[in-house]
Amino acid sequence: MNMQPPTPLPVSRVPEQVAFDRRELSVILSLYGRMVAAGEWRDYGISCLREVAVFSVFRRTAETPLYRIEKRPKLRNRQGMYAMIGMDGQVLKRGHDLRAVLRGLERKLIRPVD
């Protein structure tokens with residue numbers, strides 16, 4: 001009797017999806033909570049696509065996002081995989097460290113006391 005190994009099934013490649021991990025979401029949602037408490041932001045949306053994960057921040061639900069925080073792992077070895085993009089599509093800050101990228105938005109929380 002001949003013993004032959006089983007024929008492997010064809011592997012269908014499931015498209016990979018980029019997403020924020022728990023640590024990244026903790027940093028983003030911490031800033032989001034402080035901005036909501038300050039009355040600056042009111043809504044958010046998360047998109048997990050094939051090449052990019054996007055956290056969009058809205059002043060009102062029906063508007064275009066004020067800011068987009070993007071994670072692009074393919075740019076990890078170049079400019080950095082995190083980017084903060086403004087309402088007009090201009091890249092405001094890009095880097096390897098998410099906290100450093102978001103630092104520009106945290107400065108908006110600092111206001112003089114009258």
Side-chain angles (χ1 to χ4, degrees):
M1 184 159 156
N2 268 343
M3 296 277 300
Q4 293 183 356
T7 307
L9 295 174
V11 179
S12 62
R13 186 171 175 122
V14 178
E16 294 180 14
Q17 201 175 43
V18 177
F20 292 104
D21 64 21
R22 181 176 292 215
R23 181 189 53 82
E24 294 164 337
L25 275 178
S26 174
V27 171
I28 294 170
L29 290 175
S30 172
L31 173 65
Y32 176 77
R34 287 181 281 151
M35 293 298 267
V36 168
E40 295 289 322
W41 298 349
R42 291 210 166 68
D43 199 11
Y44 73 91
I46 299 176
S47 300
C48 298
L49 305 173
R50 193 173 214 171
E51 294 183 7
V52 63
V54 181
F55 186 94
S56 302
V57 177
F58 299 89
R59 187 178 308 257
R60 291 181 192 82
T61 306
E63 291 182 352
T64 59
L66 291 174
Y67 299 102
R68 291 189 333 249
I69 300 161
E70 293 188 353
K71 175 184 177 182
R72 292 182 184 267
K74 285 189 176 181
L75 296 178
R76 177 180 294 127
N77 296 328
R78 294 182 186 169
Q79 305 110 326
M81 71 175 159
Y82 301 108
M84 182 175 49
I85 299 171
M87 183 186 286
D88 55 355
Q90 181 181 6
V91 177
L92 303 174
K93 185 119 179 175
R94 184 180 297 274
H96 298 283
D97 182 31
L98 181 59
R99 289 182 194 271
V101 171
L102 297 179
R103 210 167 280 138
L105 293 176
E106 290 178 355
R107 289 190 184 132
K108 292 190 174 206
L109 287 172
I110 301 172
R111 294 183 183 159
V113 178
D114 294 332

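Note that the structure is predicted; figures quoted are calculated from it, not measured.
For Lys71 (side chain) and Ala19 (main-chain N/O), a donor-acceptor pair under 3.5 Å exists by modelled atom type. No donor-acceptor pair under 3.5 Å is formed between the side chain of Gln17 and the backbone N or O of Leu49. For the pair His96 (side chain) and Arg76 (backbone), a donor-acceptor distance under 3.5 Å is present.
Separating the CD atom in Gln79 from the NZ atom in Lys93 is a distance of 14.5 Å, to the nearest 0.5 Å. Annotation: the span from Ser30 atom OG to Arg99 atom CZ amounts to 7.5 Å, rounded to 0.5 Å. Remark: Leu29 CG to Arg22 CZ distance equals 11.5 Å, nearest 0.5 Å. Atom-to-atom distance recorded for Glu70:CD and Ser56:OG is 8.0 Å, nearest 0.5 angstrom. In this structure, the separation between OG1 on Thr64 and CG on Asp88 is 10.0 Å, given to the nearest 0.5 Å. Rounded to the nearest 0.5 Å, atoms CE (Met84) and OH (Tyr67) are 7.0 Å apart.
The environment of CG in Asn77 is sparse: at most 12 heavy-atom neighbours from other residues, nucleotides or ligands sit within 6.0 Å.
The closest side-chain heavy-atom distance from Arg94 to Leu75 is below 4.5 Å. With a 4.5 Å cut-off on side-chain heavy atoms, Glu51 and Lys74 count as touching. Taking the side chain as every heavy atom from C-beta outward, Val18 and Val52 never approach each other to under 4.5 Å.
Partners of Tyr82 according to the ring-ring contact (aromatic ring centres under 6.0 Å, His included) rule, which considers only residues two or more places apart in sequence or in another chain, do not exist here.
Tested against Ile69 for a side-chain contact (heavy atoms from CB on, under 4.5 Å), the candidates Ile85, Val54, Leu98 yield a single pass: Leu98.
Sequence neighbours left out, the pairs with a member in residues 17-41 that pass ring pair (Phe, Tyr, Trp, His ring centres under 6.0 Å) are Tyr32-Tyr44.
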